[in-house]
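To start, the structure under review is shown below, and the notes come after it.
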Amino acid sequence: MSITPRQKQLVQESFKLVEPIADQAAQIFYQTLFEYDPSLKRLFKSDIRSQGKKLMMTLKVAVKGLDDLDALIPVLQQLAARHVEYGVKAKDFTPVGNALLYTLKVGLGEKWNRELRQAWVDTFRAMATIMKAHSFND
Ligand code: HEM
């Protein structure tokens, strides 16, 4: 995965700022995601609070994983296999990635900038690429 040390630092530091506003972030994320693609609603079975925890888990996978990329690959492969079970398709990574970026932008306010955006774009893209290569063939 091609994430620079600077990008890793940016992603990890910005995540710390989102953690305290996890509930609001989750609300923005799911509202935005379902605006982008209402058909994704049916994939999410649990209530919004536990969805919030899931969003933070998603981000945590990204943030923690950057410390040890080799160890992250099998974790992402297992995660990908579970996502196939949830009914997720390869094309769904685009609205999810966009909703995540929008959530970070709103959540971080004036701390959001182009460099930070690019760091998250590259991180999400790297994870999505590994997940899609492993389990998604549509
Ligand atoms: C880099 C990309 C992603 C990461 C790191 C990620 C991470 C996670 C994690 C950690 C969970 C908690 C359950 C588990 O560990 O299996 C989860 C659940 C879930 N994710 Fe993702 N995810 C990603 C992309 C997506 C995409 C593209 C979709 C498509 C809509 C999606 C839909 C779901 C659904 C439906 C659940 C289960 C929700 C429920 O039980 O109600 N995820 N995800």
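Both ligands and their constituent atoms are indexed starting at 1 by order of listing.
- No side-chain donor from either of Gln31 and Gln27 sits under 3.5 Å from a side-chain acceptor of the other.
- Looking only at side-chain heavy atoms (C-beta outward), Leu33 and Thr103 stay at 4.5 Å or farther from each other.
- Residue contact check: Met127 has heavy atoms under 4.0 Å from atoms 1 (C) of ligand 1.
- The shortest distance between side-chain heavy atoms of Ile73 and Gln77 falls below 4.5 Å.
- In this structure, the side chain of Lys91 does not engage the main chain of Val88 through any donor-acceptor pair within 3.5 Å.
- Comparing His83, Lys89, Lys54 by heavy-atom distance to atom 43 (N) of ligand 1, the nearest is His83.
- Contact annotation for Val88 and ligand 1: only side-chain heavy atoms (C-beta onward) come within less than 4.0 Å of the ligand.
- Looking at Tyr86 against ligand 1, only its side chain comes within 4.0 Å, counting heavy atoms.
- The backbone and the side chain of Leu43 each have at least one atom closer than 4.0 Å to an atom of ligand 1 (non-hydrogen atoms only).
- With a 4.0 Å cut-off on non-hydrogen atoms, Leu79 touches ligand 1 through its side chain and not its backbone.
- Ligand-side atoms of ligand 1 in range of Lys45: 39 (C), 41 (O), range being under 4.0 angstrom from any heavy atom.
- Taking each heavy atom of Tyr36 and Pro95 in turn, the nearest pair found is CD1-O, 3.8 Å.
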Check step by step if side-chain contact (heavy atoms from CB on, under 4.5 Å) holds for Ser14 and Leu108.
CA-CA 8 Å; Ser14 57; Leu108 295 174; 3.7 Å; yes
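- Near Asp92, the atoms of ligand 1 lying under 4.0 angstrom from a non-hydrogen atom of the residue are 27 (C), 29 (C).
- Listed for the His83 side chain is a donor-acceptor partner under 3.5 Å among the backbone atoms of Leu79.
- The residue among Leu33, Thr94, Thr58, Val96 with a heavy atom at the shortest distance from atom 4 (C) of ligand 1 is Thr58.
- Each of the following atoms of ligand 1 lies closer than 4.0 Å to a heavy atom of Met131: 1 (C), 2 (C), 3 (C).
- Interface atoms of ligand 1 facing Arg82, defined by a heavy-atom separation under 4.0 Å, are 14 (C), 15 (O), 16 (O).
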Mind running side-chain contact (heavy atoms from CB on, under 4.5 Å) on Phe15 and Lys60 for me, showing each step along the way?
CA-CA 8 Å; Phe15 176 67; Lys60 223 166 199 149; 4.1 Å; yes
